[in-house]
K.L.:
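Starting off with a structure, shown below.
Each residue takes its place number in the sequence, starting with 1. It should be emphasised that the depicted structure is a prediction, and the values quoted were computed from it without experimental measurement.
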Amino acid sequence: MAPDRKPSMGRSAAPQAGEGAYAAMIAKARGLVPRLRERAARTEELRQLPSETEIDLHDAGLFRMLQPARIGGAELDYVALVDCAELLGQADASVAWNLANLASHHWMLGMFEQKAQDLVWGRDPDALIASSFIFPAGRATRVEGGYRLHGSWPFSSGVASCEWNMLASVVYSDDEADGIEYRIFLLPKGDYKVLDTWNVAGLRGTGSCDVEVRDAFVADHMSVAVGDLAGGPTPGSKVNPNPLYALPVFSLFPYVLSGVALGNAQACLDDYTEVARHRISTYNRAKLSDFQSTQIKIAEASAKIDAARLIMRSACLQAMEDARCGHIPDMATKTRYRRDGSFSVNLCTDAVSMLFAASGARGLFTTGVLQRQFRDAHAINSHLAFNFDAAGTNYGRVALGLPSENLTL
């Protein structure tokens, strides 16, 4: 999407609530695009966000776009995650990835008990919270007043900048009849160790390192059951009554990050189109813009990107509308959200791959942005939330009357 074009696909151009605040946030995100693009190479070298980028994101209020207004946050509708990530993704997918991730954790904290919210935001309302929602990576046991937690979690994006971490774990009981429970645990950085493991091909600037916990105590109020995040009132709803904090978290999980793929793909298309307008073929000196194949590639890529934007925004807008009506989505709707989230990102990846192939040897140079856009697109697509085989299988199961295999829904 061109920097001067406002996101407009979906049921409405902006969320129903707080349209002025939404427009201001979009303007701030758009204003950061040029400088973030200039820093992209350095961000990759650092393998994490530069300090000046973090300051820019803080100053713009972007980290707090979904934070409760009572804390000073913007409390925008959920679709703001997609729209802001799309804009920043046009500059640097790593920045957009960390922004969307960390902003979503303010939203999730708003669903915890008030005591947990007060502990984190009472100290610093700007405090950043990392995460890793890979449940089998941890093991928790119930003890008096809380839980004992240990494990090793991968892919904790932006963790070096964070004071807290949300870690997912399975809770086991000595009584097999009790079964297992999925929970999220909120820990201060003194309770986990960051392992410098992030040496990767794509999304290099996200600093998505591993974290390790060895027998930490987590109080009851610093944990929330996944079952309490499935849609409807949450433990935090008493102080945060906005329907935003009653959305089904893991059903909508793909849309935390899908805007990153969208912005990256739109930038790739914009860059390709600009080059094709002026480039002369090295083979026969013909203008690339005169080639029918070039014209078709632009049409196909743009159609996929526009379709992806429509799918992403429509899902977020529908979810907010349902929450305002007090409607909790059924399993068919939840699996459709997951299906559409993965499918829309796959469309973006296809568009980037097609444009990369159409660019020939020009795309191979590390001095250009195309190779980074290609690497980042495939790194984004490798996230489990965008695995269409998994999302599609579960959707098909539910459509056929079989139980969902995704225990977080």
K.L.:
To the nearest 0.5 angstrom, please state how far the CD1 atom of Ile71 sits from the CG atom of Asp118.
P.N.:
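Result: 7.0 Å between the selected atoms.
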K.L.:
Does any non-hydrogen side-chain atom of Leu187 lie less than 4.5 Å from one of Leu149?
P.N.:
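Counting from C-beta outward, Leu149 and Leu187 do come under 4.5 Å.
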K.L.:
Starting at CZ of Arg204, measure out to CD of Glu45 and round the result to the nearest 0.5 Å.
P.N.:
9.0 Å
K.L.:
Take Leu119 and Met222 through the test side chain to side chain contact (heavy atoms under 4.5 Å, CB included) and record every step on the way to the result.
P.N.:
CA-CA 9 Å; Leu119 181 59; Met222 299 300 285; 3.8 Å; yes
K.L.:
Can you check whether Ser404's main-chain N or O pairs, donor with acceptor, with Asn394's side chain at less than 3.5 Å?
P.N.:
no
K.L.:
Would you name the heavy atoms of Arg30 and Leu87 that are closest together and state the gap between them?
P.N.:
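That would be N-CD1, 4.1 Å.
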K.L.:
I'd like to know if the side chain of Gln48 reaches the main chain of Gly207, judged simply by a donor and an acceptor atom lying under 3.5 Å from each other, with no hydrogens or angles considered.
P.N.:
no
K.L.:
State, with a plain yes or no, whether a side-chain heavy atom of Asn387 is found less than 4.5 Å away from one of Ser342.
P.N.:
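They are not in contact (no side-chain heavy atoms under 4.5 Å apart), so the answer is no.
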K.L.:
Using only atom types and a distance under 3.5 Å, with no angle test, would you say the side chain of Gln117 pairs donor to acceptor with the backbone of Phe112?
P.N.:
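Checking the backbone N and O of Phe112 against the side chain of Gln117, a donor-acceptor pair under 3.5 Å is found.
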K.L.:
Would you check if there is a donor-acceptor pair between the side chains of Ser353 and His378 at a distance under 3.5 Å?
P.N.:
yes
K.L.:
Please test Asn406 against Thr335 for side chain to side chain contact (heavy atoms under 4.5 Å, CB included), starting from the C-alpha separation and ending with a verdict.
P.N.:
CA-CA 9 Å; Asn406 188 332; Thr335 56; over 6 Å; no
K.L.:
When you check the gap from the basic side-chain N to the acidic O, do Glu274 and Arg277 get nearer than 4.0 Å?
P.N.:
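Between Arg277 and Glu274 there is a salt bridge, with a charged N closer than 4.0 Å to a carboxylate O.
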K.L.:
Asn240 side chain to Gly110 main-chain N or O, any donor-acceptor pair under 3.5 Å?
P.N.:
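Side chain of Asn240 to backbone of Gly110: a pair is present.
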K.L.:
Under the rule for salt bridge (charged side-chain N to carboxylate O under 4.0 Å, His left out), what residues qualify as partners of Asp271, not counting sequence neighbours?
P.N.:
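Checked Asp271 against salt bridge (charged side-chain N to carboxylate O under 4.0 Å, His left out); matches are Arg37.
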K.L.:
Please check if the side chain of Lys334 supplies one atom and the backbone of Leu409 the other of a donor-acceptor pair under 3.5 Å.
P.N.:
yes
K.L.:
If only atom types and distance count, is the side chain of Arg148 paired as donor or acceptor with the main-chain N or O of Asp215 below 3.5 Å?
P.N.:
yes
K.L.:
Check Met111 against Leu247 and note the closest heavy-atom contact, atom names and distance.
P.N.:
CE-O, 4.1 Å
K.L.:
With rounding to the nearest 0.5 Å, note down the distance linking CG in Asp56 to CZ in Arg35.
P.N.:
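So the CG of Asp56 and the CZ of Arg35 are separated by 4.5 Å.
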K.L.:
Just verifying a value: how many Å separate Thr349 OG1 and Asp376 CG, rounded to the nearest 0.5 Å?
P.N.:
11.0 Å
K.L.:
Is Glu44 paired with Arg372 through a side-chain N to carboxylate O contact shorter than 4.0 Å?
P.N.:
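Salt bridge absent between Arg372 and Glu44.
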K.L.:
Determine whether a donor-acceptor pair (N or O, by modelled atom type, separation under 3.5 Å) exists between the side chain of Thr393 and the backbone of Ala390.
P.N.:
no
K.L.:
For residues 159-169, which residue pairs pass the salt bridge (charged side-chain N to carboxylate O under 4.0 Å, His left out) check, not counting sequence neighbours?
P.N.:
Glu163-Lys189
K.L.:
Which pair of heavy atoms, one from Ala40 and one from Ala91, lies closest together, and at what distance?
P.N.:
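Of all heavy-atom pairs spanning Ala40 and Ala91, the closest is CB-O, 4.3 Å.
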K.L.:
Is Arg142 salt-bridged to Asp220, cutoff N-O under 4.0 Å?
P.N.:
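Salt bridge flag = yes for Asp220 with Arg142.
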K.L.:
Return the minimal non-hydrogen interatomic distance between Leu167 and Val211, and the atom names on each side.
P.N.:
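Minimum heavy-atom separation between Leu167 and Val211: CD2-CG2, 3.8 Å.
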K.L.:
Does a side-chain N-to-carboxylate-O contact under 4.0 Å join Glu113 and Lys115?
P.N.:
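Salt bridge absent between Glu113 and Lys115.
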K.L.:
For Asp59, is there an ion pair with Lys28 - N to carboxylate O distance below 4.0 angstrom?
P.N.:
no
K.L.:
Give a yes-or-no answer on whether the side chains of Thr206 and Asn98 include a donor-acceptor pair shorter than 3.5 Å.
P.N.:
no
K.L.:
Report the C-alpha distance between Gln373 and Phe356 in whole Å, list the side-chain angles of each, state the deciding distance to 0.1 Å, and finish with yes or no for side chain to side chain contact (heavy atoms under 4.5 Å, CB included).
P.N.:
CA-CA 9 Å; Gln373 291 163 343; Phe356 181 81; over 6 Å; no
K.L.:
Please assess Tyr245 against Trp107 for the test side chain to side chain contact (heavy atoms under 4.5 Å, CB included), listing each intermediate value before the final yes or no.
P.N.:
CA-CA 7 Å; Tyr245 307 104; Trp107 166 62; 3.8 Å; yes
K.L.:
Would you check if the side chain of Ser237 reaches a backbone N or O of Ala246 as a donor-acceptor pair within less than 3.5 Å?
P.N.:
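No: the side chain of Ser237 does not pair with the backbone of Ala246.
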K.L.:
Restricting to non-hydrogen atoms, name the atom on Leu81 and the atom on Ala100 that form the minimum distance, rounded to 0.1 Å.
P.N.:
CD2-O, 3.7 Å
K.L.:
To the nearest 0.5 angstrom, please state how far the CG atom of Asp210 sits from the CH2 atom of Trp153.
P.N.:
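Result: 11.0 Å between the selected atoms.
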K.L.:
Test salt bridge (charged side-chain N to carboxylate O under 4.0 Å, His left out) on Asp92 and Arg42 and set out the steps.
P.N.:
CA-CA 11 Å; Asp92 186 341; Arg42 181 163 167 260; over 6 Å; no
K.L.:
Only pairs under 3.5 Å count here: list side-chain donor-acceptor contacts from residues 291-299, not counting sequence neighbours, and write none if there are none.
P.N.:
from: Thr294; atom 1: OG1; to: Leu288; atom 2: O; distance (Å): 3.1
from: Gln295; atom 1: NE2; to: Ser289; atom 2: O; distance (Å): 3.0

K.L.:
Give a yes or no on whether the backbone of Phe386 and the side-chain of Asn346 come within a donor-acceptor separation of less than 3.5 Å.
P.N.:
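Judged by distance alone, yes, a pair lies under 3.5 Å.
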K.L.:
Indicate the atoms forming the closest heavy-atom contact of Ile328 with Gly231, along with that distance.
P.N.:
CD1-O, 3.6 Å
K.L.:
Spell out, as yes or no, whether a donor-acceptor pair under 3.5 Å connects the side chain of Arg397 to the backbone of Leu402.
P.N.:
no
K.L.:
Show me the donor-acceptor pairs, under 3.5 Å and distance only, between side chains in residues 251-261 and residues at least two apart or in other chains.
P.N.:
from: Tyr255; atom 1: OH; to: Tyr337; atom 2: O; distance (Å): 2.6
from: Tyr255; atom 1: OH; to: Gly341; atom 2: N; distance (Å): 3.0

K.L.:
For residues 125-140, dump all side-chain donor-acceptor pairs below 3.5 Å to protein atoms at least two apart in sequence or in another chain.
P.N.:
from: Asp126; atom 1: OD1; to: Arg64; atom 2: NH1; distance (Å): 3.1
from: Ser131; atom 1: OG; to: His105; atom 2: NE2; distance (Å): 2.9
from: Ser132; atom 1: OG; to: Pro154; atom 2: O; distance (Å): 2.8

K.L.:
Listed by chain and number, what are the side-chain hydrogen bond (donor to acceptor under 3.5 Å, both in side chains) partners of Asp340, not counting sequence neighbours?
P.N.:
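Asp340: no side-chain hydrogen bond (donor to acceptor under 3.5 Å, both in side chains) contacts found.
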K.L.:
Can you tell me how far apart CG (Leu186) and OG (Ser223) are? Round to the nearest 0.5 Å.
P.N.:
9.0 Å
